[in-house]
Amino acid sequence: MELPEQRPRPPPSSRHSPTYRALLAAGPRLRPLKQVHARLVVSGLYRSRPLLTKLLTFAGDAGPSAASYARLLFNAVTDPDAFLFNSLIRVSSKSGLSAEALLFYRRMWMAGLPRSNYTFTSVIKACADLSALRVGRVVHSHLLVDGFDSDCYVQTALVALYGKSGDIFVARKIFDRIPSPSLVAWNTMISVYEQNGLTQEAIRVFHMMKDVKVEPDSATLVSLLSACCHVGDLHLGKWVRNYVADRGLDLNVILGTSLINMYARCGQVHKAREVFDELPNRNVIAWTAMISGYGMHGHGDQAMELFRQMRRCGLVPNDVTFVAILSACAHSGLVSEGQEVFECMKLDYGLVPREEHYVCMVDMLGRAGFLDEALQFIHNSVPGVPGPAVWTAMLGACKMHRDFDLGVKVAEQLLAVDPENPGHYVLLSNIYALAGRMGRVESVRDIMIHRGLKKQIGYSSVEVDNAAHVFHMGDTSHPQTMAIYHFLEQLIRKMREVGYAPEIDSVMHELEEEEREFALRFHSEKLAIAFGIMSTRDGALIRVVKNLRMCDDCHTAIKFMSVVASREISVRDKHRFHHFKDGLCSCQDFW
DNA sequence: ATAGGGTTAG
């Protein structure tokens with residue numbers, strides 16, 4: 001009987017020399033590579049450029065620690081050629097050593113070696129990772145001189161470079177010049193829009209891509225899901241979910257994590273959990289996403305349970321995981337649990353708390369009403385000068401528990417630490433108003449006008465007829481504007497009849513007195529909800545996503561809306577979900 | 001015989 005030949009890997013092409021075959025068999029694994037390296041040196045083949053280049057690229061792909069080994073290989077060569085430089089530049093930028101990649105590009109140029117499209121893709125990627133637009137433009141001019149501007153790989157890299165540096169118009173211009181963009185080029189353009197906050201444009205480009213029959217892959221879908229998160233487009237999110245299932249696409253951990261995040265941020269935390277349970281491979285990031293999802297919905301106990309389970313499974317939580325779990329504790333009033341977690345972070349995992357962790361702790365103590373403890377924590381436990389985020393959390397607690405005198409002191413601290421942020425002036429002004437110090441309100445307003453500081457622009461989006469509709473404060477751009485305002489007026493009248501009284505104090509201070517109530521009535525979330533109620537069938541859930549934190553008045557008003565319109569209304573603000581039903585909010589007013 | 005572009009968690 002003939003025995004099958006025992007071979008661990010398929011045989012590399014027999015045209016290759018034994019040494020080259022050994023190299024291919026080693027692959028991007030450090031130990032086998034070093035063995036082949038030794039063999040090269042012993043057999044005197046070390047001067048072979050192709051062998052050396054292949055060795056170097058494999059070394060570069062062999063994990064983060066291998067980059068220095070690749071460097072070592074390169075430095076042993078006295079007269080490196082263009083191929084070897086290209087490999088080294090690529091390896092450097094891939095391992096996050098972008099600045100070194102640029103230095104090697106310079107050395108290559110000084111050595112008088114010819115640059116190719118291969119050179120440029122790697123160098124441009126290095127520039128993109130550094131957001132080094134000025135250097136990037138110089139490199140761009142080099143490639144124009146050398147005539148590589150119609151190479152599709154180079155064009156795609158340029159789109160990413162300009163996109164990452166924030167110059168989306170140039171990115172789009174380059175993209176539009178690509179005759180028939182590849183899947184990767186489409187993905188790059190979509191992600192550029194998404195990363196720059198132009199969600200609607202990202203979705204539009206995705207539809208253009210579908211129109212020209214380019215099949216999306218998992219990278220496309222990951223960007224698309226991120227877009228769904230931004231505007232709360234659950235319909236599109238579900239479409240992605242079905243697309244993955246119908247095509248039998250591999251539910252890899254990145255795509256799976258994006259789906260978990262999408263469901264959680266679109267208000268369907270149980271669906272997020274379903275995806276989480278289905279995921280074949282779960283890493284720390286997937287666990288963190290799920291924990292954070294529970295936290296956002298005020299399910300601190302479930303977040304804690306998952307955190308414990310994660311540790312039992314032997315996974316190592318990282319600093320981001322701790323932000324998620326601490327924030328979950330803060331939003332659910334789990335003070336002693338949170339304090340334990342904070343200690344565990346330092347003792348069991350040797351992590352050094354960052355500002356965000358301190359913010360969570362202050363937030364947690366403050367929300368729960370332990371204002372003195374929170375202040376003490378700032379003074380005793382936060383190292384160095386506490387940053388603006390710490391004071392903002394403290395200020396939120398002062399407002400929530402109506403200690404306006406302390407609030408004023410905290411807000412003044414906040415402004416002292418970061419005098420450039422317009423949002424901080426608004427906070428200071430609001431707390432002065434709440435403390436009844438109207439003279440101060442006026443002077444803060446004058447300072448803002450004098451220094452030309454503007455508030456961040458708020459928006460809310462609501463899903464109607466399977467599409468996200470975006471509203472700004474006092475928005476009149478919607479085709480049904482008149483009807484929406486009329487409907488909202490009527491709604492507010494009914495709300496007043498059952499006891500709603502607008503809280504004028506919540507209005508941004510820079511408006512004139514008579515404008516205040518008007519502005520309050522037309523905050524973007526109120527417009528979005530009015531449009532949602534008038535455009536959907538009785539009893540349908542209204543889902544709104546807002547980019548900023550809701551104001552006090554809106555929070556109260558929406559409770560009344562849920563009563564007079566008999567609707568459940570879910571609002572995701574900057575920090576968490578608010579689920580309004582029968583005049584109550586799921587956050588139990590702890591927000 | 002040698003080298004390519006895009007994607008994830010607060």
Side-chain angles (χ1 to χ4, degrees), chain A residues 12-13 15-17 19-21 23-24 45 48-58 60 80-91 93-94 115-125 128 148 151-161 163-164 175 178 181-192 194-195 216-226 229 252-262 264-265 282-293 295-296 317-328 354-357 359-360 389 574-576:
Chain A
S13 163
R15 291 182 292 115
H16 295 142
S17 73
T19 323
Y20 194 78
R21 288 210 300 261
L23 193 50
L24 290 179
L45 282 168
S48 156
R49 285 313 152 91
L51 283 174
L52 201 54
T53 310
K54 193 75 192 160
L55 178 62
L56 192 120
T57 45
F58 271 149
D81 65 358
F83 276 88
L84 209 55
F85 262 111
N86 289 343
S87 291
L88 184 66
I89 292 170
R90 164 112 197 97
V91 164
S93 81
K94 226 172 154 180
R115 301 169 296 208
S116 71
N117 41 359
Y118 286 88
T119 320
F120 285 117
T121 49
S122 305
V123 178
I124 296 166
K125 179 180 161 43
F148 290 112
D151 179 279
C152 65
Y153 287 87
V154 173
Q155 286 169 321
T156 303
L158 283 172
V159 172
L161 164 70
K164 274 191 187 147
F175 177 78
I178 305 177
S182 67
L183 172 61
V184 176
W186 283 105
N187 287 350
T188 307
M189 196 63 239
I190 293 171
S191 118
V192 159
E194 177 44 33
Q195 309 264 314
D217 71 351
S218 84
T220 326
L221 302 179
V222 167
S223 285
L224 203 56
L225 286 169
S226 171
C229 286
N252 66 45
V253 68
I254 297 178
L255 185 55
T257 303
S258 300
L259 277 168
I260 291 171
N261 205 29
M262 181 277 293
R265 298 180 72 110
R282 292 180 294 217
N283 62 12
V284 193
I285 302 176
W287 283 85
T288 304
M290 195 61 235
I291 291 171
S292 146
M296 239 187 290
N318 62 23
D319 54 337
V320 184
T321 314
F322 279 102
V323 174
I325 187 68
L326 288 173
S327 144
R354 284 185 290 115
E355 179 168 37
E356 283 135 305
H357 301 105
V359 171
C360 286
K574 196 175 180 183
H575 295 294
R576 62 164 294 158

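Proteins come first, then strands; the chains are lettered A, B, ... in the order of their sequence lines, and each starts at number 1. The figures here come from the full heavy-atom set of this structure, side chains too, leaving out hydrogens, waters and symmetry mates.
- Note on Gln195(A): only backbone sugar-phosphate atoms sit closer than 4.0 angstrom, heavy atoms only; bases stay farther off.
- When rounded to the nearest whole Å, the span between CG of Leu161(A) and P of dG5(B) equals 14 Å.
- Atom CZ in Arg90(A) sits roughly 16 Å away from atom P in dT2(B) (whole-Å rounding).
- When atom types are taken as modelled, the side chain of Ser226(A) and the backbone of Val222(A) share no donor-acceptor pair closer than 3.5 angstrom.
- Note on Lys94(A): nothing from the nucleic acid sits closer than 4.0 angstrom, heavy atoms only.
- Heavy atoms only, all atoms of each residue included: Ser116(A) and Phe148(A) are closest at CA-CZ, 3.6 Å.
- The phosphate of dA3(B) (OP1 or OP2) has a side-chain N or O of Thr57(A) nearer than 4.0 angstrom.
- Nearest nucleotide to the side chain of Lys125(A), out of dG5(B), dT2(B), dT8(B): dG5(B).
- You'll find that the side chain of Ser218(A) is closest to dT7(B), out of dG4(B), dT7(B), dA9(B).
- Using a 4.0 Å heavy-atom criterion, one finds that Asn318(A) contacts the bases of the nucleic acid, with or without backbone contacts as well.
- Met262(A) has its CE atom 14 Å from the P atom of dG10(B), to the nearest Å.
- Residues satisfying the side chain to side chain contact (heavy atoms under 4.5 Å, CB included) test with Tyr20(A), not counting sequence neighbours, are His16(A), Ser17(A), Leu24(A), Leu51(A), Lys54(A).
- At a threshold of 4.0 angstrom between heavy atoms, the contacts of Thr53(A) include nucleobase atoms, whether or not backbone atoms are also involved.
- A donor and an acceptor atom sit less than 3.5 Å apart, one in the side chain of Asp151(A) and one in the base of dG4(B).
- Scanning for side chain to side chain contact (heavy atoms under 4.5 Å, CB included) contacts around Glu355(A) gives Val359(A), Pro388(A), Ala389(A), Val390(A), with sequence neighbours left out.
- Residues forming a salt bridge (Lys or Arg N to Asp or Glu O under 4.0 Å) with Arg354(A) (at least two apart in sequence, or on another chain): Asp319(A), Glu356(A).
- Phosphate contact (OP1/OP2 of dG10(B), side-chain N/O of Asn261(A), threshold under 4.0 Å): present.
- The salt bridge (Lys or Arg N to Asp or Glu O under 4.0 Å) search around Arg282(A) returns none, not counting sequence neighbours.
- Of the residues listed (Ile260(A), Val320(A), Thr257(A), Asn261(A)), the one engaging Ile285(A) in a side chain to side chain contact (heavy atoms under 4.5 Å, CB included) is Thr257(A), and it is the only one.
- Taking atom CZ of Arg21(A) as the reference point, atom P of dT2(B) lies 16 Å away to the nearest angstrom.
- With centres under 5.5 Å and a plane angle under 30° as the test, the ring of Tyr153(A) is not stacked against the base of dG5(B).
- One can place CD of Gln155(A) at 19 Å from P of dG4(B), the figure rounded to the nearest angstrom.
- Here the nucleotide nearest the side chain of Val320(A), chosen from dA9(B), dA1(B), dA3(B), is dA9(B).
- Residue contacts for Asp217(A): at a heavy-atom cut-off of 4.0 Å it reaches a base atom on one of the strands shown.
- Of all nucleotides listed (dA3(B), dG10(B), dA9(B)), dA9(B) comes nearest to the side chain of Ile285(A).
- Contacts of Ser116(A) with the nucleic acid, taken as non-hydrogen atoms under 4.0 Å apart, include base atoms.
- Using a 4.0 Å heavy-atom criterion, one finds that Arg265(A) contacts the sugar-phosphate atoms exclusively.
- Checked against salt bridge (Lys or Arg N to Asp or Glu O under 4.0 Å), Asp81(A) has no partners two or more places apart in sequence or in another chain.
- Proximity of residues 82-89 of chain A to DNA chain B (heavy atom under 4.0 angstrom from any strand atom) is restricted to Phe83(A), Asn86(A), Ser87(A).
- You'll find a donor-acceptor pair under 3.5 Å spanning the side chain of Ser182(A) and the base of dG5(B), going by distance alone.
- Side chain of Cys152(A), nearest nucleotide from dG5(B), dT2(B), dG10(B): dG5(B).
- Nearest nucleotide to the side chain of Val222(A), out of dA3(B), dT8(B), dG10(B): dT8(B).
- Spacing between atom CZ of Phe148(A) and atom P of dG4(B) amounts to 16 Å, rounded to whole angstrom units.
- Contacts of Thr321(A) with the nucleic acid, taken as non-hydrogen atoms under 4.0 Å apart, are absent.
- Nucleic acid contact for Ser122(A): none, since no nucleic acid atom lies under 4.0 Å from a heavy atom of the residue.
- If you measure from atom CG of Leu55(A) to atom C1' of dA3(B), you get 14 Å, rounded to the nearest angstrom.
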CA sep, side-chain torsions, deciding dist, call: Val192(A), Lys164(A), side-chain contact (heavy atoms from CB on, under 4.5 Å): CA-CA 7 Å; Val192(A) 159; Lys164(A) 274 191 187 147; over 6 Å; no
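- Rounded to whole Å, atom C1' of dT7(B) lies 10 Å from atom CG of Leu255(A).
- The side chain of Ile254(A) has dT8(B) as its nearest neighbour among dG10(B), dG5(B), dT8(B).
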